[in-house]
Structure formats: structure tokens, C-alpha cells
Amino acid sequence: MLRQRILTAIVLLLIVTGAVTAPTPWPMLALLGLMAGCALWEWLRLVVKGAAVPWVGALLFIIVLIPLSMQLADGQAILDTVFGRFLLPLAVLFWLTAAPAFVVRAHVPEGCRPGILALAGVLTLAAAWYALAWVFLRFGAAALISLWALIWVADIAAYFAGRSLGRRKLAPRVSPGKTLEGAAGGILVATAWLVATALWWPDSFGSLLRVHLGWPGLILAGLVLAAWSIVGDLFESLLKRRAGVKDSSQLLPGHGGVYDRIDAVLPVAPAAVLLLLAGL
């Protein structure tokens, strides 16, 4: 299993490296679109019965993203209006209200039909796709990679802090392994990472936040975004527990599914873009 995880991680690293160093933005835009489509397929498998709907939904989603990617790369203002003023705030509202409420209750209300959950998946993944693509096209590879790294740092720090210091369970009915101490450790280390990148990594997400929001805004943003990444993780755990599965799929050998790898990105990316837009 460890060997499989390492091999998959190496392959993914090579793919991302190739995409960010390509002379045109299209490899990265294609990667982001494929990532969002695969994650939507997995989300739909968790919330909708039957095999047809996830496949059809994910395929249509990817097809729609192709012309949207072209318009985004061409700088079409209509996309900034539709996504920046409507879709991103709606996604943030979902992660601020519905998702935490479901996690706290440790179940999805009976009145929340599969169609509603499927629509939430389309909304949140479309918003995350736009947010990541917008950051890459507007500010470059350093901003995108450092934003991803913020989430990875929070996750890794939470894991080790939880293992060494964890005593009190964070959400025992949703994800028994997570602890309050681990969450606190992840939030603090991720915020420290954001401060560090603001100091020594030009054009990073941390550097952009410092320019747009100042040091107090950057520190507050780090705390909030790192905490919000945990909501995304716990919400996916809730969907998997509801569906009775351990992983969203086996698309990434040794790592589970694409959604398993980007669950924390979904709430963070739209919020990160709104923070940057607020400072422009």
C-alpha cells in the first residue's frame, strides 16, 4: 500500500509539474477540468443511486467546462460576473451554512433529496474549478501551488498534531479519528505557512493576501481558510459514511478518489478568490 501511494504521488507530482511549467495555460486548465469532472463523478456516486447519473453528469460537466475554459482564458468579463458575483458567493454560503449544519448533526436531513445533494456537488465543484483556474490565469503558478500547499500543510499538520496531542474528538460520529487538538494544530501551522510565504515567496497566495489585505487580514484569512478546509474534509466523510464506503473511488491507487484528495479545496478555493477580489 505504501509503495502504491508513493508511486501515485510521484505520477501526480509529475503531471502537475508539467502543467504548471507548460508554455501555455491549457494543460493546467485541462487538468483542473478533468479533476473537477472526476470529483463530481465521485460525489454523484455517493449521493445518487445507480451508475448512469454519475457518468452522464460528470461527462456533461466536463463538456460544459471546455468552452468555459476558453472564455476564461480569453478574459471574458461575463464569466467574472456570473461566477464572481453569484456562483462563488453561493458556494461559500453552502460551506458556511448547510455543510457545517449537516456535520454538526452528523447526518443529512431526510428532506434533503439526492437531487439537492447532486446540485450542491455541481455548484461547489464548478465554483472550485473557476476559483483555481482564475487564480492560475490571473496570478500564475506560484499563487495556485501555494494555495494548494496551504491546504496540504493544514491537513498534514492536523494529522501529526492529532496523533501526538489528540485527546478530544472533533466530530466522533462523522470522522472518529479527528481531534480538536489536531484541528488546532493544523490551523496554526497553516497560518504560519501563509505568513512565511508572504515573507519569502513572491507572487504566492500569501504574498497576494498581504498586499491586498495587510498583515492583520492575512493572519485572519489564514485562520479562517484553514478552519474551513476541515469543514470540507468532514462533509465528505459524512457523505461517505452515509453511502457506506471508505473512499469516494479508487481512481488514485493508494489514495482513494480525486474527491478524497480535494475535499478540503472545495470550500477554501472560492473563499480565497473572494478575499482577493475584496482587496482589489
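These numbers come from the heavy atoms of this one structure, side chains and all, not from hydrogens, waters or symmetry mates.
- At a threshold of 4.5 Å between non-hydrogen side-chain atoms, the residues Leu251 and Trp41 count as touching.
- The main-chain N or O of Ser146 is never found under 3.5 Å from a side-chain atom of Trp201 such that the two would form a donor-acceptor pair.
- Hydrophobic clustering places Ile145 together with Val11 (ILVMFWY residues linked when any side-chain heavy atoms are closer than 4.5 Å, directly or through intermediates).
- A salt bridge is absent between Arg167 and Glu181: the closest approach of a Lys/Arg side-chain nitrogen to an acidic carboxylate oxygen does not fall below 4.0 angstrom.
- Note that the CZ atom of Phe94 and the CG atom of Leu119 stand 10.0 Å from one another [nearest 0.5 Å].
- Using a 4.5 Å cut-off on side-chain heavy atoms (C-beta onward), Met35 and Leu132 make contact.
- Ser249 is listed as a side-chain neighbour of Arg45, based on a closest heavy-atom distance under 4.5 Å.
- Checked against Asp260 for a side chain to side chain contact (heavy atoms under 4.5 Å, CB included), the options Glu42, Glu236, His255 give a single hit: Glu236.
- Taking the side chain as every heavy atom from C-beta outward, Val48 and Val53 approach each other to under 4.5 Å.
- Between Phe139 and Trp134, the distance separating the two ring centers is shorter than 6.0 angstrom.
- Put simply, the side chain of Ser204 gets close to the backbone of Thr197: a donor and an acceptor are under 3.5 Å apart.
- A distance-only check finds no donor-acceptor pair linking the side chain of Arg210 to the backbone of Trp215 [under 3.5 Å].
- For the atom pair Leu144 CG and Asp203 CG, the distance stands at 13.0 Å (nearest 0.5 Å).
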Show your reasoning for whether side-chain contact (heavy atoms from CB on, under 4.5 Å) applies to Leu96 and Trp228. CA-CA 8 Å; Leu96 185 63; Trp228 225 344; 3.8 Å; yes
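- Ring-plane geometry between Phe235 and Trp43 is classed as tilted, the angle between the planes lying from 30 to 60 degrees on a 0 to 90 degree scale.
- Under a hydrophobic-cluster definition in which Ile, Leu, Val, Met, Phe, Trp and Tyr are linked whenever side-chain heavy atoms come within less than 4.5 Å, directly or via other members, Phe83 and Leu123 are assigned to the same cluster.
- Side chain of Thr179 to backbone of Lys169: no donor-acceptor contact under 3.5 angstrom is found.
- Between Arg105 atom CZ and Arg173 atom CZ the span is 11.0 Å, to the nearest 0.5 Å.
- Between atom CD1 of residue Ile15 and atom CD1 of residue Ile10 there is a gap of 12.0 Å, rounded to the nearest 0.5 Å.
- Between the side chains of Ser237 and Lys240, no donor-acceptor pair is found at a separation under 3.5 Å.
- Remark: the backbone N or O of Ala196 is paired with a side-chain donor or acceptor of Trp200 at under 3.5 angstrom.
- Inter-residue side-chain proximity for Leu44 and Trp55 is flagged as unmet; no heavy-atom pair is nearer than 4.5 Å.
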Do Leu194 and Val153 pass the side-chain contact (heavy atoms from CB on, under 4.5 Å) test, and can you show the C-alpha distance, the side-chain angles, and the key distance before you say yes or no? CA-CA 10 Å; Leu194 200 60; Val153 167; over 6 Å; no
side-chain contact (heavy atoms from CB on, under 4.5 Å) between Ile151 and Asp155: does it pass, once the steps are laid out? CA-CA 6 Å; Ile151 301 164; Asp155 186 48; 5.6 Å; no
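- The structure places CG of Leu117 at 6.5 Å from CZ of Phe102, a figure rounded to the nearest 0.5 Å.
- A 4.5 Å side-chain heavy-atom check between Leu234 and Asp263 finds every atom pair outside the cut-off.
- Here the CH2 atom belonging to Trp129 is positioned 14.0 Å from the OG1 atom belonging to Thr124, to the nearest 0.5 angstrom.
- Checking each of Val273, Leu93, Asp80 against Leu88 for a side chain to side chain contact (heavy atoms under 4.5 Å, CB included) leaves exactly one that passes, namely Val273.
- Under the 4.5 Å side-chain criterion, counting only non-hydrogen atoms from C-beta, Trp26 is in contact with Ser69.
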Would Val135 and Phe205 satisfy side-chain contact (heavy atoms from CB on, under 4.5 Å), going step by step from the backbone distance to the final call? CA-CA 9 Å; Val135 168; Phe205 177 65; 5.8 Å; no
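- Put simply, the side chain of Val108 reaches to within 4.5 Å of the side chain of Arg242, judged on heavy atoms.
- Screening Leu239, Leu40, Leu125 for a side chain to side chain contact (heavy atoms under 4.5 Å, CB included) involving Tyr259 leaves a single residue, Leu239.
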